[in-house]
Amino acid sequence: MRTSPQQRLREWIAAPAYPWITGGAVTAGAVVELIAIPGGVTTTVGVLVSAASLMWRRSFPPVAVLTVAAGLIGFAGDVNLYVSIMVSGLAGCYALGRNRVVHPALAVAGGALGALCVNLVHINTWSRMDLPVPALWEKGSLSLFAESFLLTVVVFGAVMMGDAVRSREETRTERSLAQDRLIAMERQQAAEAERAAIARELHDIVSHSVSMIAVQAESATYTTPGLTPEARDGFQQIAGTARSSMAELRRLLGVLRTPQGDTALTAPQPTLDHLAELLDQHRAVGGTAELRITGERVALPAAWELSAYRIAQEALTNARKHAPGARTVVEVDYGADRLLTLRVRDDGPGAGTASGSGSASRPGTGTGHGLTGMRERAALVGGRLTAGSGPDGGFLVEAELPWGSG
């Protein structure tokens with residue numbers, strides 16, 4: 001894309017070398033002028049200092065005060081007005097307003113006072129040069145101060161121009177920040193809308209099916225003739241599990257539908273104290289499970305409690321899916337070194353083998369969604385998880401979750 005001349009000019013002005021190049025050019029022009037029209041010591045020093053100080057006007061903005069002061073002193077030392085003094089004086093006044101070195105009113109007042117002093121020096125010089133200079137109280141004496149008035153107007157215009165540019169850039173920056181905030185708000189609203197859409201989809205797709213399972217399982221205990229007590233209990237367990245799943249789904253939907261910053265009305269998340277209930281559910285659907293706890297029970301942070309519970313829940317689900325009827329042992333070790341170790345092992349088929357009952361091949365240490373989810377939960381709290389064939393056969397899931405420094 002081709003850039004316009006105006007854009008290229010802006011880029012050049014914004015370049016770090018710009019003040020050095022322009023300041024050097026004005027200084028070189030001042031030297032040429034002083035050679036062509038020599039001035040006194042005061043004038044020479046004032047002209048050179050005023051021009052050379054422009055090179056630091058961006059890196060050290062207060063130097064603009066020196067630029068303007070030296071220019072006025074150089075002009076006061078000689079009745080001749082050098083072009084370099086005009087350029088450096090205008091640039092210095094612009095820099096005072098552009099960088100807000102002092103308040104613009106104070107800058108203009110200081111410039112007006114300096115212009116008056118220069119004018120008085122020139123009036124004294126004119127009188128010594130035998131020029132017709134009327135006394136201050138005589139008619140027409142106010143015309144003597146036309147020089148100070150003109151200089152004040154020039155100072156006022158340059159300072160106000162610099163201040164206007166600064167104000168415009170500040171307004172542009174504030175507008176850009178406001179646009180960024182607006183975009184962030186729109187993105188947040190879009191994310192909340194997406195979360196609400198996901199919640200609706202989950203409700204439409206999942207909740208209806210799960211509720212139907214609960215209703216049909218519960219009604220089967222009354223509509224199916226000849227059920228044994230064990231079968232009746234089995235149907236009740238299915239209905240209870242479905243209702244529990246519906247309750248957890250409702251909590252998830254509440255989280256998805258709750259805007260950030262609001263508090264969702266959700267039930268407490270499960271902890272390691274609920275492992276016994278989890279194993280009861282596993283046994284109720286035909287599995288065999290045993291819970292072993294070693295070490296002293298420690299109240300862990302909520303994230304560690306929830307991660308350990310979900311890992312155990314997913315491991316038991318995998319055991320039921322890939323090794324139905326296998327004996328499962330859940331071991332929880334509260335280590336003295338502030339390390340929680342969770343092991344879930346079964347005596348079913350190991351990794352990469354079939355279960356023998358028509359189930360799918362048992363996943364190993366690959367990238368199955370269940371294993372990936374467990375690894376992510378372990379990594380979330382700074383731990384690690386391994387899964388694969390156990391040392392004595394079967395399948396072993398082992399998670400180490402450090403919950404504090406030793």
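What's counted below: heavy atoms across the whole structure, side chains too, no hydrogens, waters or symmetry copies.
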Measure from the side-chain N and O atoms of [X] to the backbone N and O of [Y], and report whether any donor-acceptor pair falls under 3.5 Å.
X: Tyr94; Y: Met160; result: no
X: Ser50; Y: Thr67; result: yes
X: Ser176; Y: Arg172; result: no
X: Asn99; Y: Val101; result: no
X: Asn119; Y: Ser148; result: yes

[atom1]-[atom2] distance between [X] and [Y], expressed to the nearest 0.5 angstrom:
X: Gln313; Y: Leu306; atom1: CD; atom2: CG; answer: 9.5 Å
X: Leu96; Y: Arg57; atom1: CG; atom2: CZ; answer: 12.0 Å
X: Thr386; Y: Met374; atom1: OG1; atom2: CE; answer: 10.0 Å
X: Trp56; Y: Leu66; atom1: CH2; atom2: CG; answer: 10.0 Å
X: Thr125; Y: Leu120; atom1: OG1; atom2: CG; answer: 10.5 Å
X: Phe145; Y: Leu116; atom1: CZ; atom2: CG; answer: 6.5 Å

Quick check: do [X] and [Y] have side-chain heavy atoms less than 4.5 Å from each other?
X: Asp347; Y: Asp392; value: no
X: Leu275; Y: Leu272; value: yes
X: Arg310; Y: Pro270; value: yes
X: Asp163; Y: Arg100; value: yes
X: Thr328; Y: His282; value: yes
X: Thr271; Y: Tyr309; value: no
X: Arg58; Y: Tyr18; value: yes

Using every non-hydrogen atom in the two residues, find where [X] and [Y] come nearest and quote the distance to one decimal.
X: Asp346; Y: Ala326; answer: CB-CB, 4.3 Å
X: Gly92; Y: Ala64; answer: O-CB, 3.5 Å
X: Ile85; Y: Gly71; answer: CG2-O, 3.7 Å
X: Ala308; Y: Leu340; answer: CB-CD2, 3.9 Å
X: Ser84; Y: Val47; answer: OG-CG1, 3.4 Å
X: Ser88; Y: Val26; answer: CB-CG1, 4.5 Å

A quick test of your reading: do over 12 heavy atoms of other residues, nucleotides or ligands sit less than 6.0 Å from [atom1] of [X]?
X: Phe156; atom1: CZ; result: no
X: Met55; atom1: CE; result: yes
X: Arg384; atom1: CZ; result: no

For residues 286-299, which side-chain donor-acceptor pairs fall under 3.5 Å, sequence neighbours excluded?
residue: Glu290; atom: OE1; partner: Arg292; partner atom: NH2; Å: 3.4
residue: Glu290; atom: OE1; partner: Arg327; partner atom: NH2; Å: 2.4
residue: Glu290; atom: OE2; partner: Arg292; partner atom: NE; Å: 3.0
residue: Thr294; atom: OG1; partner: Asp333; partner atom: OD1; Å: 3.0
residue: Arg297; atom: NE; partner: Asp273; partner atom: OD1; Å: 3.1
residue: Arg297; atom: NE; partner: Tyr334; partner atom: OH; Å: 3.3
residue: Arg297; atom: NH1; partner: Glu305; partner atom: OE2; Å: 3.0
residue: Arg297; atom: NH2; partner: Asp273; partner atom: OD1; Å: 3.1
residue: Arg297; atom: NH2; partner: Glu305; partner atom: OE1; Å: 3.2
residue: Arg297; atom: NH2; partner: Glu305; partner atom: OE2; Å: 3.1

Subject >> By ring-ring contact (aromatic ring centres under 6.0 Å, His included) - contacts of Phe75 (at least two apart) >> reply: His122
Original post:
Quick one: side-chain hydrogen bond (donor to acceptor under 3.5 Å, both in side chains) partners of Ser307, sequence neighbours excluded?
Top reply: none
**OP:** Begin from the C-alpha positions of Leu396 and Arg343 and carry the test side-chain contact (heavy atoms from CB on, under 4.5 Å) through to its verdict.
**Re:** CA-CA 7 Å; Leu396 172 65; Arg343 299 183 186 89; 4.2 Å; yes
Subject >> Verdict with supporting geometry, Glu314 and Arg377, salt bridge (charged side-chain N to carboxylate O under 4.0 Å, His left out) >> reply: CA-CA 11 Å; Glu314 181 64 27; Arg377 287 190 177 276; over 6 Å; no
**OP:** Decide salt bridge (charged side-chain N to carboxylate O under 4.0 Å, His left out) for Arg166 and Glu170; before the verdict, give the C-alpha distance in whole Å, the side-chain angles of both, and the deciding distance to 0.1 Å.
**Re:** CA-CA 6 Å; Arg166 180 194 59 81; Glu170 287 183 352; 2.8 Å; yes
Original post:
After noting the C-alpha distance and the side-chain angles of Arg320 and Leu316, does the key distance pass the side-chain contact (heavy atoms from CB on, under 4.5 Å) rule?
Top reply: CA-CA 6 Å; Arg320 289 195 300 271; Leu316 289 173; 4.0 Å; yes
Original post:
Leu54 and Thr22: side-chain contact (heavy atoms from CB on, under 4.5 Å), yes or no, with the steps?
Top reply: CA-CA 8 Å; Leu54 288 177; Thr22 54; 5.9 Å; no
Subject >> Salt-bridge contact Glu169-Arg98 (side-chain N to carboxylate O under 4.0 Å) >> reply: yes
Original post:
Passes side-chain contact (heavy atoms from CB on, under 4.5 Å), Leu48 versus Leu34? Steps please.
Top reply: CA-CA 9 Å; Leu48 293 178; Leu34 289 172; 3.8 Å; yes
Subject >> Modelled atom types, side-chain donor and acceptor of Thr341 and Glu400, under 3.5 Å >> reply: no
